Asks: 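I'd like to ask you about the structure that follows.
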Number of protein chains: 2
Amino acid sequence: MSRTRGSSGPKTLAAINEAGLDLIYTVGYEAMSLRELAAKVGLQPGSLYNHIETKQDLLFDLIHNHMVMLLARVDAELEGIDGPAERLRAFVAFHLDYHIERKREVFIGSAELRSLTPKHRKEIVALRRAYEDRLCDILKKGAAKKLFRIDDVRVTAYALLAMLTGICTWYDPKGRVNRRKLIDLHTRLVMEGVAA
Amino acid sequence: MSRTRGSSGPKTLAAINEAGLDLIYTVGYEAMSLRELAAKVGLQPGSLYNHIETKQDLLFDLIHNHMVMLLARVDAELEGIDGPAERLRAFVAFHLDYHIERKREVFIGSAELRSLTPKHRKEIVALRRAYEDRLCDILKKGAAKKLFRIDDVRVTAYALLAMLTGICTWYDPKGRVNRRKLIDLHTRLVMEGVAA
DNA sequence: GATAAAAACGATCATACGTTCGTTTCCTGA
DNA sequence: TCAGGAAACGAACGTATGATCGTTTTTATC
(Lines give C-alpha, C1' and ligand atoms only; values in the text may rest on other atoms or scores of the structure.)
Protein backbone atom coordinates (compact mmCIF):
# COMPACT_ATOMS: atom_id res chain seq x y z
CA MET A 1 0.00 0.00 0.00
CA SER A 2 0.95 3.66 -0.07
CA ARG A 3 -0.76 7.01 0.27
CA THR A 4 -4.31 6.52 1.48
CA ARG A 5 -7.47 8.16 0.19
CA GLY A 6 -8.33 11.51 1.74
CA SER A 7 -5.11 11.88 3.62
CA SER A 8 -3.90 15.43 4.08
CA GLY A 9 -0.88 16.82 5.85
CA PRO A 10 -2.42 19.23 8.34
CA LYS A 11 -5.15 16.79 9.34
CA THR A 12 -2.68 14.01 10.04
CA LEU A 13 -0.39 16.31 11.97
CA ALA A 14 -3.31 17.44 14.10
CA ALA A 15 -4.19 13.82 14.76
CA ILE A 16 -0.59 13.07 15.73
CA ASN A 17 -0.53 16.03 18.10
CA GLU A 18 -3.79 15.04 19.73
CA ALA A 19 -2.80 11.41 20.10
CA GLY A 20 0.65 12.42 21.32
CA LEU A 21 -0.83 14.77 23.88
CA ASP A 22 -3.03 12.01 25.17
CA LEU A 23 -0.31 9.37 25.30
CA ILE A 24 2.27 11.62 26.90
CA TYR A 25 -0.27 12.75 29.46
CA THR A 26 -1.20 9.18 30.25
CA VAL A 27 2.04 7.23 30.15
CA GLY A 28 4.72 9.92 29.88
CA TYR A 29 7.03 10.93 27.06
CA GLU A 30 9.73 8.36 27.65
CA ALA A 31 7.26 5.55 28.06
CA MET A 32 5.37 6.42 24.89
CA SER A 33 6.71 4.55 21.88
CA LEU A 34 6.30 5.89 18.37
CA ARG A 35 4.78 2.57 17.42
CA GLU A 36 2.09 3.10 20.03
CA LEU A 37 1.55 6.62 18.80
CA ALA A 38 1.39 5.55 15.15
CA ALA A 39 -1.12 2.83 15.97
CA LYS A 40 -3.34 5.33 17.75
CA VAL A 41 -3.30 7.62 14.73
CA GLY A 42 -3.74 4.73 12.32
CA LEU A 43 -0.37 4.91 10.63
CA GLN A 44 2.74 2.83 10.23
CA PRO A 45 5.57 3.99 12.51
CA GLY A 46 7.70 5.26 9.68
CA SER A 47 4.92 7.43 8.32
CA LEU A 48 5.07 9.67 11.35
CA TYR A 49 8.24 11.11 9.94
CA ASN A 50 6.34 12.73 7.11
CA HIS A 51 4.97 15.09 9.75
CA ILE A 52 7.39 15.34 12.63
CA GLU A 53 11.14 15.81 12.74
CA THR A 54 11.87 13.61 15.73
CA LYS A 55 10.10 12.40 18.84
CA GLN A 56 11.82 15.17 20.76
CA ASP A 57 10.49 17.81 18.40
CA LEU A 58 7.00 16.48 18.78
CA LEU A 59 7.24 17.02 22.53
CA PHE A 60 8.78 20.44 22.17
CA ASP A 61 6.17 21.62 19.69
CA LEU A 62 3.35 20.49 21.96
CA ILE A 63 4.75 22.35 24.94
CA HIS A 64 5.85 25.37 22.96
CA ASN A 65 2.50 25.86 21.28
CA HIS A 66 0.82 25.62 24.65
CA MET A 67 3.09 28.19 26.29
CA VAL A 68 2.71 30.70 23.48
CA MET A 69 -1.05 30.28 23.63
CA LEU A 70 -1.05 30.69 27.39
CA LEU A 71 0.86 33.95 27.23
CA ALA A 72 -1.32 35.36 24.48
CA ARG A 73 -4.47 34.46 26.35
CA VAL A 74 -3.45 35.88 29.69
CA ASP A 75 -2.49 39.18 28.12
CA ALA A 76 -5.76 39.35 26.26
CA GLU A 77 -7.64 38.55 29.43
CA LEU A 78 -5.94 41.20 31.56
CA GLU A 79 -6.12 43.94 28.97
CA GLY A 80 -8.14 46.91 30.09
CA ILE A 81 -8.61 45.73 33.65
CA ASP A 82 -7.51 48.35 36.15
CA GLY A 83 -6.39 48.03 39.74
CA PRO A 84 -4.25 45.28 41.27
CA ALA A 85 -7.13 43.64 43.10
CA GLU A 86 -9.29 43.34 40.03
CA ARG A 87 -6.34 42.21 37.96
CA LEU A 88 -5.47 39.56 40.51
CA ARG A 89 -9.04 38.33 40.49
CA ALA A 90 -9.01 38.17 36.73
CA PHE A 91 -5.70 36.36 36.73
CA VAL A 92 -6.93 33.71 39.15
CA ALA A 93 -10.12 33.14 37.20
CA PHE A 94 -8.28 32.94 33.90
CA HIS A 95 -5.58 30.66 35.21
CA LEU A 96 -8.04 28.19 36.65
CA ASP A 97 -10.22 28.24 33.57
CA TYR A 98 -7.30 27.65 31.29
CA HIS A 99 -5.80 24.97 33.46
CA ILE A 100 -9.07 23.13 33.71
CA GLU A 101 -9.65 23.34 30.00
CA ARG A 102 -6.14 22.28 29.01
CA LYS A 103 -5.00 20.22 31.93
CA ARG A 104 -3.10 17.79 29.72
CA GLU A 105 -0.99 20.49 28.09
CA VAL A 106 -0.31 22.14 31.41
CA PHE A 107 0.66 18.92 33.09
CA ILE A 108 3.00 17.94 30.29
CA GLY A 109 4.41 21.45 30.23
CA SER A 110 5.83 20.97 33.68
CA ALA A 111 6.16 17.23 34.12
CA GLU A 112 8.05 16.68 30.88
CA LEU A 113 10.43 19.62 31.14
CA ARG A 114 13.09 17.13 32.10
CA SER A 115 12.58 15.22 28.87
CA LEU A 116 13.46 18.25 26.80
CA THR A 117 16.85 18.95 25.29
CA PRO A 118 18.71 21.59 27.32
CA LYS A 119 18.24 24.08 24.51
CA HIS A 120 14.54 23.33 24.23
CA ARG A 121 14.11 23.40 27.96
CA LYS A 122 15.72 26.79 28.19
CA GLU A 123 13.27 28.18 25.70
CA ILE A 124 10.27 26.83 27.57
CA VAL A 125 11.54 27.95 30.94
CA ALA A 126 11.90 31.47 29.55
CA LEU A 127 8.28 31.45 28.43
CA ARG A 128 7.18 30.15 31.78
CA ARG A 129 9.15 32.84 33.48
CA ALA A 130 7.36 35.40 31.36
CA TYR A 131 4.04 34.01 32.54
CA GLU A 132 5.14 34.14 36.16
CA ASP A 133 6.12 37.73 35.62
CA ARG A 134 2.55 38.60 34.78
CA LEU A 135 1.54 37.59 38.29
CA CYS A 136 4.60 39.18 39.87
CA ASP A 137 3.74 42.49 38.28
CA ILE A 138 0.26 42.42 39.70
CA LEU A 139 1.52 41.55 43.16
CA LYS A 140 4.19 44.21 43.02
CA LYS A 141 1.78 46.95 42.05
CA GLY A 142 -0.68 45.85 44.69
CA ALA A 143 2.03 45.92 47.33
CA ALA A 144 3.18 49.36 46.22
CA LYS A 145 -0.36 50.70 46.64
CA LYS A 146 -0.60 49.04 50.07
CA LEU A 147 -3.48 46.93 48.83
CA PHE A 148 -1.55 43.70 49.36
CA ARG A 149 0.85 42.73 52.05
CA ILE A 150 3.56 40.65 50.48
CA ASP A 151 6.83 39.60 52.02
CA ASP A 152 8.51 38.37 48.89
CA VAL A 153 6.87 38.87 45.52
CA ARG A 154 8.58 36.04 43.66
CA VAL A 155 8.10 33.43 46.37
CA THR A 156 4.50 34.46 46.86
CA ALA A 157 3.91 34.19 43.13
CA TYR A 158 5.38 30.69 43.10
CA ALA A 159 3.23 29.67 46.04
CA LEU A 160 0.06 31.00 44.44
CA LEU A 161 0.86 29.50 41.07
CA ALA A 162 1.56 26.13 42.64
CA MET A 163 -1.78 26.26 44.40
CA LEU A 164 -3.70 27.28 41.31
CA THR A 165 -1.96 24.82 39.08
CA GLY A 166 -2.60 21.97 41.47
CA ILE A 167 -6.08 21.38 40.14
CA CYS A 168 -4.58 19.90 36.99
CA THR A 169 -3.61 16.84 38.95
CA TRP A 170 -7.00 16.03 40.37
CA TYR A 171 -9.77 18.03 38.73
CA ASP A 172 -12.48 15.95 37.15
CA PRO A 173 -15.08 17.82 35.07
CA LYS A 174 -17.63 15.17 36.00
CA GLY A 175 -16.72 15.40 39.66
CA ARG A 176 -18.49 16.75 42.69
CA VAL A 177 -17.22 20.32 42.49
CA ASN A 178 -18.18 22.60 39.66
CA ARG A 179 -16.03 25.16 37.95
CA ARG A 180 -17.71 28.19 39.48
CA LYS A 181 -17.29 26.99 43.02
CA LEU A 182 -13.70 26.06 42.37
CA ILE A 183 -12.88 29.53 41.13
CA ASP A 184 -14.63 31.18 44.07
CA LEU A 185 -12.84 29.01 46.57
CA HIS A 186 -9.42 29.65 45.12
CA THR A 187 -10.07 33.33 44.61
CA ARG A 188 -10.92 33.67 48.25
CA LEU A 189 -7.79 31.79 49.34
CA VAL A 190 -5.64 34.03 47.19
CA MET A 191 -7.27 37.37 48.01
CA GLU A 192 -7.35 36.71 51.75
CA GLY A 193 -3.84 35.38 51.65
CA VAL A 194 -2.34 38.53 50.19
CA ALA A 195 -4.74 41.06 51.75
CA ALA A 196 -3.09 43.93 53.61
CA MET B 1 36.61 -10.84 38.66
CA SER B 2 33.96 -11.62 41.20
CA ARG B 3 32.99 -10.51 44.67
CA THR B 4 34.96 -7.40 45.61
CA ARG B 5 36.77 -6.65 48.84
CA GLY B 6 34.67 -5.11 51.59
CA SER B 7 31.36 -5.47 49.77
CA SER B 8 28.33 -5.93 51.97
CA GLY B 9 24.66 -6.31 51.14
CA PRO B 10 23.05 -3.48 53.09
CA LYS B 11 25.73 -0.99 52.11
CA THR B 12 25.35 -1.76 48.43
CA LEU B 13 21.58 -1.60 48.63
CA ALA B 14 21.79 1.78 50.31
CA ALA B 15 24.10 2.98 47.56
CA ILE B 16 21.69 1.71 44.93
CA ASN B 17 18.80 3.47 46.59
CA GLU B 18 20.68 6.73 46.85
CA ALA B 19 21.92 6.59 43.28
CA GLY B 20 18.49 5.54 42.06
CA LEU B 21 16.86 8.41 43.92
CA ASP B 22 19.24 10.82 42.33
CA LEU B 23 18.91 9.46 38.82
CA ILE B 24 15.15 9.18 38.90
CA TYR B 25 14.90 12.70 40.27
CA THR B 26 17.17 14.01 37.55
CA VAL B 27 16.20 12.12 34.43
CA GLY B 28 13.04 10.26 35.40
CA TYR B 29 12.32 6.60 35.98
CA GLU B 30 11.74 5.59 32.37
CA ALA B 31 14.78 7.49 31.16
CA MET B 32 17.07 5.93 33.75
CA SER B 33 18.74 2.78 32.51
CA LEU B 34 19.95 0.13 34.88
CA ARG B 35 23.32 0.35 33.18
CA GLU B 36 23.53 4.01 34.11
CA LEU B 37 22.47 3.18 37.65
CA ALA B 38 24.97 0.36 37.97
CA ALA B 39 27.76 2.58 36.68
CA LYS B 40 26.91 5.21 39.27
CA VAL B 41 27.08 2.66 42.05
CA GLY B 42 30.20 1.09 40.61
CA LEU B 43 28.73 -2.26 39.65
CA GLN B 44 28.05 -4.30 36.57
CA PRO B 45 24.40 -4.14 35.49
CA GLY B 46 23.70 -7.74 36.40
CA SER B 47 24.98 -7.30 39.92
CA LEU B 48 22.09 -5.00 40.75
CA TYR B 49 19.92 -8.06 40.85
CA ASN B 50 21.65 -9.31 43.95
CA HIS B 51 19.86 -6.46 45.74
CA ILE B 52 16.71 -5.54 43.87
CA GLU B 53 13.92 -7.62 42.42
CA THR B 54 13.24 -5.53 39.35
CA LYS B 55 13.54 -1.94 38.25
CA GLN B 56 9.88 -1.47 39.08
CA ASP B 57 10.38 -2.73 42.61
CA LEU B 58 13.25 -0.33 43.11
CA LEU B 59 10.94 2.56 42.27
CA PHE B 60 8.14 1.25 44.42
CA ASP B 61 10.39 0.71 47.43
CA LEU B 62 11.78 4.22 47.16
CA ILE B 63 8.33 5.78 47.09
CA HIS B 64 6.84 3.44 49.64
CA ASN B 65 9.57 3.99 52.20
CA HIS B 66 9.17 7.70 51.77
CA MET B 67 5.41 7.66 52.25
CA VAL B 68 5.58 5.52 55.36
CA MET B 69 8.19 7.82 56.80
CA LEU B 70 6.12 10.89 55.94
CA LEU B 71 3.06 9.54 57.73
CA ALA B 72 5.02 8.51 60.81
CA ARG B 73 6.70 11.88 61.02
CA VAL B 74 3.58 13.97 60.63
CA ASP B 75 1.81 12.03 63.35
CA ALA B 76 4.76 12.41 65.66
CA GLU B 77 4.90 16.11 64.92
CA LEU B 78 1.23 16.77 65.59
CA GLU B 79 1.02 14.69 68.72
CA GLY B 80 0.09 16.66 71.78
CA ILE B 81 -0.66 19.88 69.93
CA ASP B 82 -4.11 21.19 70.72
CA GLY B 83 -6.39 23.49 68.83
CA PRO B 84 -6.95 23.59 65.09
CA ALA B 85 -5.03 26.82 64.56
CA GLU B 86 -1.93 25.55 66.32
CA ARG B 87 -2.19 22.19 64.63
CA LEU B 88 -2.50 23.86 61.24
CA ARG B 89 0.57 25.96 61.96
CA ALA B 90 2.47 22.87 63.00
CA PHE B 91 1.35 21.01 59.91
CA VAL B 92 2.50 23.77 57.59
CA ALA B 93 5.88 24.03 59.27
CA PHE B 94 6.40 20.29 59.26
CA HIS B 95 5.30 19.88 55.68
CA LEU B 96 7.64 22.55 54.42
CA ASP B 97 10.55 21.30 56.47
CA TYR B 98 10.09 17.77 55.29
CA HIS B 99 9.58 18.76 51.68
CA ILE B 100 12.68 20.90 51.71
CA GLU B 101 14.74 18.19 53.31
CA ARG B 102 13.52 15.41 51.04
CA LYS B 103 12.53 17.18 47.90
CA ARG B 104 13.77 14.36 45.69
CA GLU B 105 11.63 11.73 47.37
CA VAL B 106 8.61 14.00 47.37
CA PHE B 107 9.01 14.91 43.75
CA ILE B 108 9.38 11.30 42.67
CA GLY B 109 6.48 10.33 44.88
CA SER B 110 4.12 12.32 42.73
CA ALA B 111 5.86 12.61 39.37
CA GLU B 112 6.51 8.90 39.01
CA LEU B 113 3.13 7.64 40.17
CA ARG B 114 2.35 6.95 36.54
CA SER B 115 5.35 4.69 36.24
CA LEU B 116 4.06 2.37 38.94
CA THR B 117 2.18 -0.83 38.34
CA PRO B 118 -1.56 -0.34 38.97
CA LYS B 119 -1.29 -2.44 42.11
CA HIS B 120 1.70 -0.49 43.39
CA ARG B 121 0.11 2.80 42.48
CA LYS B 122 -3.03 1.93 44.39
CA GLU B 123 -0.99 1.28 47.49
CA ILE B 124 0.85 4.58 47.25
CA VAL B 125 -2.28 6.58 46.50
CA ALA B 126 -3.86 5.12 49.63
CA LEU B 127 -0.94 6.31 51.72
CA ARG B 128 -1.09 9.73 50.14
CA ARG B 129 -4.77 9.87 50.85
CA ALA B 130 -4.03 9.11 54.47
CA TYR B 131 -1.64 12.04 54.58
CA GLU B 132 -4.19 14.35 53.00
CA ASP B 133 -6.66 13.22 55.64
CA ARG B 134 -4.40 14.59 58.35
CA LEU B 135 -4.87 18.05 56.92
CA CYS B 136 -8.56 17.53 56.21
CA ASP B 137 -9.14 16.62 59.84
CA ILE B 138 -7.51 19.80 61.03
CA LEU B 139 -9.51 21.91 58.63
CA LYS B 140 -12.73 20.17 59.55
CA LYS B 141 -12.27 20.69 63.27
CA GLY B 142 -11.30 24.30 62.72
CA ALA B 143 -14.39 24.89 60.64
CA ALA B 144 -16.60 23.22 63.25
CA LYS B 145 -15.26 25.55 65.92
CA LYS B 146 -15.81 28.54 63.61
CA LEU B 147 -12.10 29.27 63.67
CA PHE B 148 -11.77 28.68 59.96
CA ARG B 149 -14.09 29.54 57.16
CA ILE B 150 -13.90 26.75 54.64
CA ASP B 151 -16.20 26.14 51.70
CA ASP B 152 -15.05 22.65 50.86
CA VAL B 153 -12.63 20.84 53.11
CA ARG B 154 -11.22 18.41 50.55
CA VAL B 155 -10.72 20.98 47.81
CA THR B 156 -9.18 23.44 50.24
CA ALA B 157 -6.82 20.75 51.47
CA TYR B 158 -5.77 19.99 47.92
CA ALA B 159 -5.18 23.66 47.20
CA LEU B 160 -3.10 24.15 50.33
CA LEU B 161 -1.11 20.97 49.78
CA ALA B 162 -0.39 21.96 46.19
CA MET B 163 0.86 25.32 47.38
CA LEU B 164 3.05 23.89 50.12
CA THR B 165 4.41 21.13 47.95
CA GLY B 166 5.31 23.55 45.20
CA ILE B 167 8.59 24.48 46.82
CA CYS B 168 9.97 21.08 45.86
CA THR B 169 10.14 22.23 42.28
CA TRP B 170 12.13 25.38 42.81
CA TYR B 171 13.60 25.57 46.31
CA ASP B 172 17.35 25.90 46.44
CA PRO B 173 19.00 25.64 49.87
CA LYS B 174 21.74 27.95 48.64
CA GLY B 175 19.22 30.43 47.25
CA ARG B 176 18.15 33.88 48.27
CA VAL B 177 15.35 32.88 50.62
CA ASN B 178 16.05 31.05 53.85
CA ARG B 179 14.00 28.33 55.43
CA ARG B 180 12.59 30.42 58.23
CA LYS B 181 11.29 33.14 55.95
CA LEU B 182 9.79 30.54 53.66
CA ILE B 183 7.85 28.97 56.48
CA ASP B 184 6.63 32.32 57.75
CA LEU B 185 5.48 33.39 54.34
CA HIS B 186 3.59 30.21 53.64
CA THR B 187 2.13 30.05 57.12
CA ARG B 188 0.72 33.49 56.67
CA LEU B 189 -0.78 32.65 53.27
CA VAL B 190 -2.44 29.58 54.73
CA MET B 191 -3.69 31.09 57.99
CA GLU B 192 -5.08 34.21 56.33
CA GLY B 193 -6.56 32.13 53.56
CA VAL B 194 -8.68 29.99 55.85
CA ALA B 195 -9.32 32.56 58.60
CA ALA B 196 -12.96 33.02 59.55
C1' DG C 1 -3.84 15.70 -18.66
C1' DA C 2 1.04 15.72 -17.39
C1' DT C 3 4.15 16.39 -13.58
C1' DA C 4 5.89 17.17 -9.13
C1' DA C 5 5.10 17.04 -4.48
C1' DA C 6 2.83 14.91 -0.58
C1' DA C 7 1.69 11.06 2.27
C1' DA C 8 1.44 6.63 3.07
C1' DC C 9 3.56 1.65 3.23
C1' DG C 10 6.63 -2.03 4.82
C1' DA C 11 11.02 -3.66 5.48
C1' DT C 12 15.06 -2.84 7.90
C1' DC C 13 19.05 -0.92 10.66
C1' DA C 14 21.77 -0.24 14.65
C1' DT C 15 21.34 0.28 19.24
C1' DA C 16 19.83 0.10 23.93
C1' DC C 17 17.16 -2.03 27.18
C1' DG C 18 15.80 -5.18 31.38
C1' DT C 19 16.97 -9.41 32.85
C1' DT C 20 19.22 -14.14 33.34
C1' DC C 21 22.91 -17.19 34.26
C1' DG C 22 27.17 -19.72 35.11
C1' DT C 23 31.24 -18.65 37.41
C1' DT C 24 34.44 -16.73 40.74
C1' DT C 25 35.83 -14.60 44.86
C1' DC C 26 35.02 -12.94 49.49
C1' DC C 27 32.92 -13.04 54.06
C1' DT C 28 30.88 -15.23 58.10
C1' DG C 29 29.49 -18.54 61.56
C1' DA C 30 29.82 -23.19 63.38
C1' DT D 1 39.36 -24.12 59.53
C1' DC D 2 36.27 -24.93 56.27
C1' DA D 3 31.72 -24.99 54.31
C1' DG D 4 28.11 -22.40 52.47
C1' DG D 5 26.01 -18.35 51.45
C1' DA D 6 26.62 -13.63 49.74
C1' DA D 7 28.09 -10.48 46.28
C1' DA D 8 30.38 -9.50 42.49
C1' DC D 9 31.72 -10.37 37.34
C1' DG D 10 30.98 -10.67 32.35
C1' DA D 11 28.73 -12.64 28.63
C1' DA D 12 24.55 -13.28 26.65
C1' DC D 13 19.35 -13.37 25.41
C1' DG D 14 15.29 -11.69 23.50
C1' DT D 15 12.92 -7.76 22.65
C1' DA D 16 11.70 -3.04 21.79
C1' DT D 17 13.04 1.32 20.31
C1' DG D 18 13.83 5.64 17.29
C1' DA D 19 14.87 6.38 12.86
C1' DT D 20 15.87 5.59 7.63
C1' DC D 21 14.81 4.43 3.00
C1' DG D 22 13.06 2.90 -1.43
C1' DT D 23 8.61 2.35 -3.30
C1' DT D 24 3.83 3.28 -4.38
C1' DT D 25 -0.30 5.74 -4.63
C1' DT D 26 -2.92 9.99 -4.13
C1' DT D 27 -3.39 14.93 -4.41
C1' DA D 28 -2.48 19.45 -6.19
C1' DT D 29 -0.57 22.72 -9.79
C1' DC D 30 0.10 24.49 -14.15
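These figures come from a predicted structure and were not determined experimentally. Proteins get letters first, then strands, A, B, ... in listed order; numbering begins at 1 in each.
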Asks: What's the CG-C1' distance between A:Asp57 and D:dG18, to the nearest Å?
Replies: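 In whole Å, D:dG18 C1' lies 13 Å from A:Asp57 CG.
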Asks: Taking all heavy atoms of A:Arg114 and all of B:Val27, pick out the closest pair and write down the distance.
Replies: CD-O, 3.7 Å
Asks: Any base atoms under 4.0 Å from A:Leu43, or only sugar-phosphate, or nothing? Heavy atoms, all strands.
Replies: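 Sugar-phosphate, backbone atoms only, no base.
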Asks: Please check if the side chain of B:Thr26 supplies one atom and the backbone of B:Asp22 the other of a donor-acceptor pair under 3.5 Å.
Replies: yes
Asks: Check whether B:Arg87 reaches the backbone of B:Ile138 with its side chain - one donor and one acceptor, N or O, closer than 3.5 Å.
Replies: no
Asks: Hey, does the side-chain of A:Asn50 have a donor or acceptor N/O within less than 3.5 Å of a partner on the base of C:dA8?
Replies: yes
Asks: Given 3.5 Å as the limit, does a donor-acceptor pair link the side chain of B:Asp152 with the main chain of B:Val155, or not?
Replies: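 Yes.
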Asks: In terms of the nearest nucleotide of DNA chain D, which residue is placed more toward the 5' end: B:Gln44 or A:Lys55?
Replies: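 That would be B:Gln44.
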Asks: May I have the distance from A:His51 (atom NE2) to C:dA7 (atom C1'), rounded to whole angstrom?
Replies: 6 Å
Asks: Write down the distance between OH (A:Tyr49) and C1' (C:dA8), rounded to a whole number of angstrom.
Replies: 16 Å
Asks: For a quick test of reading the model: is some side-chain N or O of A:Thr54 closer than 4.0 Å to OP1 or OP2 of D:dG18?
Replies: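 No, outside the criterion.
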Asks: Counting only side-chain nitrogens and oxygens, does A:Ser33 get under 4.0 Å of the OP1 or OP2 atom of D:dT17?
Replies: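 Answer yes for this pair, as a side-chain N or O of A:Ser33 is under 4.0 Å from OP1 or OP2.
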Asks: Is there a side-chain contact between B:Ser47 and the phosphate of D:dA7, meaning an N or O under 4.0 Å from OP1 or OP2?
Replies: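 False: B:Ser47 side-chain N/O out of range (4.0 Å or more) of D:dA7 OP1/OP2.
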